[in-house]
Amino acid sequence: MNLREVLHVVGALLAWSAGAMLPSAGLGIGEGLLGPWLIAAGATGLAGLTLWLGTPKVVSINPREGLAVVGLGWLAVVAFGSLPFLATGVVPSVPAALFESVSGFTTTGASVFPVIEDLPRSILLWRSMSHWVGGMGIIVLGVAILPLLGVGGAQLFRAEAPGISNDRLTPRIASTARLLWGVYALFTVVLGLAYLVLGMAPFDAINHAMSTLATGGFSTRTASLGAFGPAIQWITILFMFLAAANFTLHLRALSGKPMAMLRDPEFRWYLISTVAVIAIAFAVLSVGAGGASGRFRAAAFNVVAIHTTTGFATEDFAAWPALLQVLLLGLMFMGGMGGSTAGGFKVVRAAVVTQHVFNEIRKVRHPRAVVVTRLGRQAVRPDIVLNVLAFLALYMFTHALGTVALTALGHDLITAMSASLSAMSSVGPGLGTVGPASHYGDVGSAAQLVLSALMLLGRLEFYTLLVLVVPETWNRAGGHR
């Protein structure tokens with residue numbers, strides 16, 4: 001492990017993060033907060049430049065060091081990302097500031113603030129900006145600019161990109177990252193313009209466009225998207241759904257292959273699960289009062305918000321019937337597609353596990369049969385199936401550990417279980433006392449630190465952070481160039 005080379009890349013990421021604070025610093029001028037913003041951006045930029053200038057300029061990243069860059073890079077970015085909250089004095093403690101920063105960059109959208117409208121606009125913009133940067137991945141963005149620094153980025157992309165495998169579109173990984181970011185930026189602009197046409201104020205439109213495409217959930221209103229009209233909610237449903245689909249499929253559709261999406265087996269699983277739960281939610285909610293169109297919109301919006309791990313809300317689904325709460329917990333676990341900005345276990349892994357379970361049942365009935373796990377027509381290698389099952393075990397174990405920790409801190413079981421799952425899957429709201437009508441400001445500093453760890457582990461899919469605590473990672477014998 002060449003730690004100096006790793007720190008060189010981390011320094012570049014911190015310098016870029018400081019630049020991302022500048023728009024908020026500009027807003028801070030009119031709020032009398034320019035000083036705090038300059039302190040936050042200056043400290044971040046100084047740390048980044050110190051690491052970058054004080055380390056070797058020629059860097060060769062091997063896979064092991066790529067993992068270290070991702071892990072240390074994320075830890076550094078979320079730590080310095082908490083400085084604006086502390087410098088401006090909008091949070092009461094370091095754990096709360098760290099929680100808000102981690103929630104932003106991991107696109108979880110859980111917040112410690114009870115009344116969003118009381119926050120300075122510069123802080124609101126920084127929350128949404130952290131979503132947007134973290135959405136496609138601060139490291140994938142780094143891959144797009146690292147060639148300018150003389151750094152190869154393939155190992156970083158492998159460590160950052162979610163899902164079973166990476167659908168590499170071009171021979172050069174940096175070109176792949178730029179193409180994905182291009183689609184991401186295009187969708188953000190289109191949604192922002194749509195919001196403006198539908199009557200949303202420019203500041204609200206910018207913030208919600210960034211949050212939606214990042215499947216984040218930070219809003220400029222305490223009532224989230226419930227503060228806006230039906231047309232805005234419907235366009236948000238569409239773009240939440242698109243943001244949680246694999247961005248390589250979007251790129252193919254924009255390149256003249258619109259049917260590629262419908263032919264993709266993971267997308268079909270994603271579409272069917274979304275439609276099925278919306279139908280069940282609408283049927284259950286139809287028992288109550290209210291117009292059919294309003295009930296259908298409420299069912300569609302909140303189901304899509306949870307399935308895509310965006311976490312927006314139009315009403316308190318924690319008060320919905322128990323059947324719907326269980327289904328929403330299932331969607332929290334599954335999350336969106338691999339290669340998207342969504343969190344969760346991922347639809348592709350859920351599809352592999354389901355197919356494998358049915359295959360094992362068939363083997364009980366036909367012991368001599370040779371059964372192959374498939375996604376659509378494509379066979380899934382046995383080693384990949386084992387990797388998925390191991391990831392499932394790790395996911396469930398970490399969720400159980402988080403639930404135990406939160407109950408030990410005094411929270412009831414429903415709150416602890418849903419908050420742990422919501423944090424790991426980057427959803428935001430949970431059930432119980434952390435439902436969409438509540439906030440995380442009252443859970444306590446210890447619980448905020450536990451949830452921050454769960455958010456990071458889930459966003460980086462565990463291994464990228466866990467490898468940092470393995471001694472072999474830092475020993476020369478642990479890997480080869």
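The model shown is predicted, which means the values in this text are computed figures rather than measured ones.
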**Message:** Assess the residue pair Leu242 and His250 against the criterion (side-chain contact (heavy atoms from CB on, under 4.5 Å)); give the C-alpha distance rounded to whole Å, side-chain angles, the decisive distance to 0.1 Å, and a yes or no.
**Reply:** CA-CA 8 Å; Leu242 293 176; His250 294 317; 3.8 Å; yes
**Over all atoms of both residues, closest heavy-atom pair of Leu213 and Leu191** = CD2-CD2, 3.6 Å
**Request:** In sequence, state the C-alpha distance, the side-chain angles, and the governing distance for Asn359 and Thr373, and then conclude on side-chain hydrogen bond (donor to acceptor under 3.5 Å, both in side chains).
**Result:** CA-CA 7 Å; Asn359 286 346; Thr373 300; 3.1 Å; yes
**Message:** Keeping Thr188 on the side-chain end and Tyr184 on the backbone end, is there a donor-acceptor pair under 3.5 Å?
**Reply:** yes
**Message:** Less than 4.5 Å apart, side chain to side chain, heavy atoms only: is that true for Glu266 and Met337?
**Reply:** yes
**Request:** Check whether the side chains of Arg297 and Gln233 place a donor and an acceptor atom closer than 3.5 Å, and report yes or no.
**Result:** yes
**Message:** If I take atom CZ from residue Arg221 and atom CG from residue Leu124, how far apart are they, to the nearest 0.5 angstrom?
**Reply:** 10.5 Å
**Message:** Given 3.5 Å as the limit, does a donor-acceptor pair link the side chain of Arg374 with the main chain of Arg377, or not?
**Reply:** yes
**Request:** Verify whether the ring centers belonging to Tyr270 and His307 lie closer than 6.0 Å.
**Result:** yes
**Prompt:** Going from CE on Met129 to OG on Ser122, what distance comes out if it is rounded to the nearest 0.5 angstrom?
**Reply:** 12.0 Å
**Request:** Apply side-chain contact (heavy atoms from CB on, under 4.5 Å) to the pair Leu125 and Asn207, showing each step before the final yes or no.
**Result:** CA-CA 6 Å; Leu125 181 60; Asn207 281 271; 4.2 Å; yes
**Message:** With side-chain hydrogen bond (donor to acceptor under 3.5 Å, both in side chains) as the criterion, how do Tyr440 and Ser103 come out once you've worked through the C-alpha distance, each side chain's angles and the decisive distance to 0.1 Å?
**Reply:** CA-CA 11 Å; Tyr440 286 81; Ser103 181; over 6 Å; no
**Request:** Answer with yes or no whether the side chains of Thr433 and Thr415 bring together a donor and an acceptor at under 3.5 Å.
**Result:** yes
**Message:** Set out, in order, the CA-CA distance, both residues' side-chain angles and the distance that settles side-chain contact (heavy atoms from CB on, under 4.5 Å) for Glu117 and Thr222, then state yes or no.
**Reply:** CA-CA 7 Å; Glu117 288 86 351; Thr222 303; 2.4 Å; yes
**Request:** Taking the side chain as every heavy atom from C-beta outward, state whether Val102 and Phe99 have any atom pair closer than 4.5 Å.
**Result:** no
**Item:** Trp132 ring center within less than 6.0 Å of Trp181 ring center
**Value:** yes
**Request:** Salt-bridge test for Arg349 and Glu461: reply yes if a basic N is under 4.0 Å from a carboxylate O, no otherwise.
**Result:** yes
**Prompt:** Distance-only, no hydrogens or angles: does the Ser340 side chain make a donor-acceptor pair with backbone N or O of Ala342 under 3.5 Å?
**Reply:** yes
**Request:** Nearest 0.5 Å please: distance from the CD atom of Glu315 over to the CZ atom of Arg295.
**Result:** 11.5 Å
**Message:** Please check: side-chain N/O of His399 versus main-chain N/O of Met417, any donor-acceptor pairing under 3.5 Å?
**Reply:** yes
**Asked** Any side-chain donor-acceptor pair under 3.5 Å between Thr106 and Ser426?
**Response** no
**Asn387 side chain to Asp383 backbone, donor-acceptor under 3.5 Å** = yes
**Prompt:** Between the side chain of Thr310 and the main-chain N/O of Thr212, is any donor-acceptor distance below 3.5 Å?
**Reply:** no
**Prompt:** Do Trp74 and Leu13 come within less than 4.5 Å of each other through their side chains, counting heavy atoms only?
**Reply:** no
**Message:** Tell me whether Thr309 contacts the main-chain N or O of Gly344 through its side chain, where contact means a donor paired with an acceptor under 3.5 Å.
**Reply:** no
**Contact list for residues 327-386, test ring-ring contact (aromatic ring centres under 6.0 Å, His included), sequence neighbours left out** = Phe333-Phe345, Phe333-Tyr395, Phe345-Phe391, Phe345-Tyr395
**Message:** Applying the side chain to side chain donor-acceptor pair (under 3.5 Å) criterion to Glu100, which one of Ser82, Ser130, Ser111 satisfies it?
**Reply:** Ser111
**Request:** Taking the side chain as every heavy atom from C-beta outward, state whether Met240 and Phe301 have any atom pair closer than 4.5 Å.
**Result:** yes
**Complete:** Closest non-hydrogen contact found for Ala299 with Ile278 is CB-O, 4.1 Å
**Request:** Quick one: closest heavy-atom pair of Pro84 and Trp126, and the distance?
**Result:** CG-NE1, 3.7 Å
**Item:** Polar side-chain atom of Ser101 near backbone of Ala97 as donor-acceptor pair, under 3.5 Å
**Value:** no
**Asked** Taking it one step at a time, do Asn302 and Thr314 satisfy side-chain hydrogen bond (donor to acceptor under 3.5 Å, both in side chains)?
**Response** CA-CA 7 Å; Asn302 291 282; Thr314 56; 3.0 Å; yes
**Fill in**
Separation between CZ (Arg252) and CG (Asp264), nearest 0.5 Å, reads 8.5 Å
**Message:** Are Phe218 and His208, when compared by the centres of their aromatic rings, separated by less than 6.0 Å?
**Reply:** no
**Request:** Tell me whether the guanidinium CZ or amine NZ of Arg121 lies under 6.0 angstrom from the six-membered ring centre of Phe203 and within 45° of its axis.
**Result:** yes
**Asked** How many angstroms lie between OG1 in Thr220 and CD1 in Ile206, if you round to the nearest 0.5 Å?
**Response** 11.0 Å
**Message:** Can you tell me how far apart OG1 (Thr403) and NE2 (His411) are? Round to the nearest 0.5 Å.
**Reply:** 12.0 Å
**Item:** Intermediate values then yes/no, side-chain contact (heavy atoms from CB on, under 4.5 Å), Tyr195 and Ile232
**Value:** CA-CA 7 Å; Tyr195 279 148; Ile232 288 176; 3.7 Å; yes
**Message:** Checking the side chain of Ser418 only, and the main-chain atoms of Leu431 only, is there a donor and an acceptor separated by less than 3.5 Å?
**Reply:** yes
